[in-house]
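By convention here, the first residue in the shown sequence is residue 1.
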Amino acid sequence: MRLRRRELMTAAAAAPAVLALPGRAVPPDPVRVTPGDPRYAGLVRRGNRRFTGSPDEVWVADTPGEVLAAVQAAVTAGRRPAVRSGGHGFEDFVDNPDVRSLIDISGLTGVTYDERLGAYAVLAGTTLGETYRRLYLDWGVTLPGGSCPGVGTGGHVAGGGYGPLSRMHGLMADHLYAVEVVVVADGRARTVVATREPADPHRDLWWAHTGGGGGSFGAVTRYWFRDPPRPPASVTNFDATWSWDGLDLVRLARNFTDWCRRYDRPGLPQSRLYAELLLTNRAAGAVTVHGRVAGAGLIDDFLGSLTAGVGVTPQVTRETLPWLQATLRDPGDDGKRWRLKTKAAYVRRPLSDEQWAVACRSLSDPGYPNPAASMSLNTYGGAVNAVAPSATAVARRDAAVLMFFLTAWSDPAEDARHLGWIRSLYHGMYAASGGIPVDGSYINYPDADLADPRWNTSGRGWAEIYYGGNYARLQRVKRRYDPEDVFRHRLSVRPVSAPVS
């Protein structure tokens with residue numbers, strides 16, 4: 001049986017009074033965990049192993065009211081807060097030395113139907129896997145979010161939320177009807193519910209959470225979604241594997257991007273197919289396409305397009321499974337065991353011969369035989385590109401491919417070597433544009449190097465890369481709801497007067 005919260009508090013007497021919303025009871029106190037508590041180490045070490053925080057306190061908040069209380073306590077004490085849900089952040093936005101009050105919402109879970117709003121409510125600590133499971137088993141619907149079941153909805157939705165069903169049904173944020181956020185102004189924390197209704201005075205706060213990224217405006221406690229799609233009854237998972245020996249890697253990659261560009265429009269039958277071409281380091285021995293298709297057909301035509309002229313015949317496996325079973329068996333938290341560096345880029349135009357040459361040299365470099373290093377190309381477009389760039393905060397609505405660069409290792413003494421490899425690959429591929437992708441990038445795959453003049457020599461700020469023409473509006477939302485910049489990190493939306501590079 002769970003102990004009462006007040007029995008677990010280590011500094012309850014120092015906690016300030018919390019603010020209640022009209023018509024609501026005063027929320028209970030969250031649990032406060034400090035260094036020396038046996039729970040502390042597990043709470044501060046839940047993400048990329050390159051970063052481990054050392055906050056003065058961790059608040060374990062399991063209800064929206066407890067999040068409100070934790071934010072108010074942090075602000076009153078003058079401690080910079082950060083919020084963690086699933087713990088899958090690639091950068092140090094949460095595990096940062098400047099974060100003195102960590103608010104853990106991994107227990108803030110639940111999926112219900114809200115009759116009042118006519119929408120499905122998902123608490124922000126709920127993982128994607130549990131969200132899919134509950135929506136499907138209880139109502140027969142789902143949301144087109146990411147493929148890792150262990151990721152928390154809190155930051156995923158705010159960054160747009162892309163996944164295997166997005167070519168059919170858009171981004172997760174495209175179905176967002178409302179968001180509940182704890183915001184701070186003049187030292188006072190309050191909870192705001194913002195909807196997409198045109199007459200809602202807080203509509204801009206809703207809009208900022210449809211791709212503006214997490215950690216910029218407040219602490220999200222709940223999302224509401226309307227019109228979630230019905231997933232297919234079953235899907236066919238397929239893998240095609242090519243040996244590196246004799247493979248024309250560049251031709252394979254070009255074939256993949258050409259297919260994606262040919263079928264990037266919404267409404268095409270090819271939108272039923274999702275695939276990732278994983279271009280692994282040569283030390284891994286093979287290159288693989290992981291794919292999923294809803295309904296019959298498409299796989300043979302897709303693989304035929306990929307294999308043309310590549311010089312190696314792939315080994316292909318297929319398995320048809322019920323949709324939920326296939327979705328929940330995808331990998332979850334493997335990334336938390338490693339030190340990671342990632343980068344990303346959208347692709348809407350063909351990459352040049354020089355760019356592919358850089359990629360091929362880097363992946364086959366005999367001086368860097370790391371099987372855990374890769375460059376992956378993901379099918380994009382389809383229904384994602386049916387939404388106007390200004391309708392949500394996701395400005396890039398014309399891409400055909402989403403590229404993801406990754407390297408992983410375990411020894412801290414090797415940080416410089418691995419970081420040097422991925423930075424050289426990425427900067428080399430985009431050397432002609434000052435080290436940045438000309439088609440922009442995805443904020444849920446954040447890369448703090450884009451804010452570093454050593455690696456971004458383009459003269460363009462990181463905000464333009466992620467947000468394009470939507471950034472000025474995001475800054476106005478920031479000024480209204482977080483004027484004191486309480487919620488911030490290296491790539492958070494800046495107050496209007498602050499520089500972005």
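We find that Asp204 and Arg476 are not joined by a salt bridge, their nearest charged nitrogen and carboxylate oxygen being 4.0 Å or further apart. Between Asp186 and Arg188, no side-chain nitrogen of the basic residue sits less than 4.0 Å from a carboxylate oxygen of the acidic one, so the salt-bridge criterion is not met. Remark: Lys341 engages Glu91 in a salt bridge, criterion side-chain N to carboxylate O under 4.0 Å. Arg84 and Asp95 are joined by a salt bridge, as a carboxylate oxygen and a charged side-chain nitrogen come within less than 4.0 angstrom of each other. A salt bridge links Arg79 with Asp56: at least one charged nitrogen is closer than 4.0 Å to a carboxylate oxygen. A salt bridge is defined here as a Lys NZ or Arg NE, NH1 or NH2 lying under 4.0 Å from an Asp or Glu carboxylate O, and Asp439 with Arg396 fails to meet this definition. In summary, Arg222 and Asp114 do not engage in a salt bridge, as defined by a charged side-chain N under 4.0 Å from a carboxylate O. By the 4.0 Å N-to-carboxylate-O rule, Arg133 lies too far from Asp138 to be salt-bridged with it.
The shortest non-hydrogen separation linking Leu474 to Trp207 is CD2-CZ3, 3.5 Å. Summarising the geometry of Thr153 relative to Gly125, their closest heavy-atom pair is OG1-N, 4.5 Å, with the distance given to 0.1 Å. Of all non-hydrogen atoms in Ser106 and Arg46, the two that sit nearest each other are CB-NH2, 3.9 Å. For the pair Ala294 and Met168, the tightest heavy-atom approach, listed with the atom from each and the gap, is CB-SD, 4.3 Å. Pairing each heavy atom of Leu143 with each of Pro228, the nearest pair is CD2-CB, 4.0 Å. Contact record, Tyr467 with Val493: CE1-CG2, 4.4 Å, taken as the closest heavy-atom pair.
No side-chain heavy atom of Leu165 sits less than 4.5 Å from a side-chain heavy atom of Tyr274. Contact annotation: the side chain of Asp62 never approaches that of Val31 to less than 4.5 Å [non-hydrogen atoms, C-beta and beyond]. Considering only heavy atoms from C-beta on, Val60 stays 4.5 Å or farther from Pro30 through its side chain. At a threshold of 4.5 Å between non-hydrogen side-chain atoms, the residues Ser433 and Arg460 do not count as touching. In this structure, the side chains of Pro81 and Phe487 come closer than 4.5 Å at one or more pairs of heavy atoms. Side-chain contact between His489 and Asn96 is absent, with no heavy atoms from C-beta onward closer than 4.5 Å. Side chains of Tyr40 and Thr34 form no contact here, defined as non-hydrogen atoms less than 4.5 Å apart. Looking at heavy atoms from C-beta onward, Trp455 lies out of side-chain contact with Asp447 at the 4.5 angstrom threshold.
Judged by distance alone, with hydrogens and angles left aside, the side-chain atoms of His169 form no donor-acceptor pair with the main-chain N or O of His175 at under 3.5 Å. Of the possible polar contacts, one joining the Arg167 side chain to the Gln270 backbone as a donor-acceptor pair under 3.5 Å is found. At least one donor-acceptor pair under 3.5 Å links the side chain of Thr210 to the backbone N or O of Ala393. Proximity of a side-chain donor or acceptor of Arg80 to a complementary backbone N or O of Arg100 within less than 3.5 Å is not detected. Checking side-chain atoms of Thr76 against main-chain N and O of Ala73 turns up no donor-acceptor pair under 3.5 Å. The closest donor-acceptor contact from the side chain of Thr379 to the backbone of Ala275 lies under 3.5 Å. Using modelled atom types, one side-chain atom of Arg494 and one backbone atom of Ser492 make a donor-acceptor pair closer than 3.5 Å. Judged by distance alone, the side chain of Arg203 and the main-chain N or O of Arg196 form a donor-acceptor pair under 3.5 Å. In this structure, Ser166 contributes its side chain and Pro144 its backbone to a donor-acceptor pair below 3.5 Å. Side-chain atoms of Asp482 do not come within 3.5 Å of backbone N or O of Val183 as any donor-acceptor pair.
Within the model, atoms OG1 of Thr236 and CZ of Arg272 stand 10.0 Å from one another, a figure rounded to the nearest 0.5 Å. Here Asp174 contributes atom CG and Met172 contributes atom CE; the two are 11.5 Å apart, rounded to the nearest 0.5 Å. Between atom NZ of residue Lys343 and atom CE of residue Met403 there is a gap of 12.5 Å, rounded to the nearest 0.5 Å. Annotation: the span from Asp449 atom CG to Ile436 atom CD1 amounts to 13.0 Å, rounded to 0.5 Å. The distance from atom CH2 of Trp206 to atom CG of Asp200, rounded to the nearest 0.5 Å, is 10.0 Å. If you take NE2 on His202 and OH on Tyr481, they are separated by 5.0 Å, rounding to the nearest 0.5 Å.
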Check against side-chain contact (heavy atoms from CB on, under 4.5 Å), Val111 and Phe225: CA-CA 11 Å; Val111 180; Phe225 301 92; over 6 Å; no
Arg39 vs Asp104, side-chain contact (heavy atoms from CB on, under 4.5 Å): CA-CA, chis, key distance, verdict: CA-CA 12 Å; Arg39 297 165 292 183; Asp104 188 293; over 6 Å; no
Steps toward side-chain contact (heavy atoms from CB on, under 4.5 Å) verdict (Leu137, Leu324): CA-CA 9 Å; Leu137 294 180; Leu324 185 63; 3.9 Å; yes
Worked check of side-chain contact (heavy atoms from CB on, under 4.5 Å) between Ile103 and Val71: CA-CA 8 Å; Ile103 303 170; Val71 171; 3.6 Å; yes
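When Thr126, Thr142, Val151 are each tested for a side-chain contact (heavy atoms from CB on, under 4.5 Å) with Thr131, only one passes: Thr126. Of the candidates Tyr162, Phe404, Phe405, Phe404 is the only one forming a ring-ring contact (aromatic ring centres under 6.0 Å, His included) with Tyr445.
In summary, the side chains of Arg397 and Thr392 do present a donor paired with an acceptor at a separation below 3.5 Å, with no hydrogens or angles considered.
Within a 6.0 Å sphere centred on CZ of Arg265, heavy atoms belonging to other residues, nucleotides or ligands number 12 at most.
Ring-plane geometry between Trp139 and Tyr113 is classed as tilted, the angle between the planes lying from 30 to 60 degrees on a 0 to 90 degree scale. Taking the six-membered ring where the residue is Trp, Tyr346 and Tyr380 present tilted rings, their angle falling between 30° and 60°.
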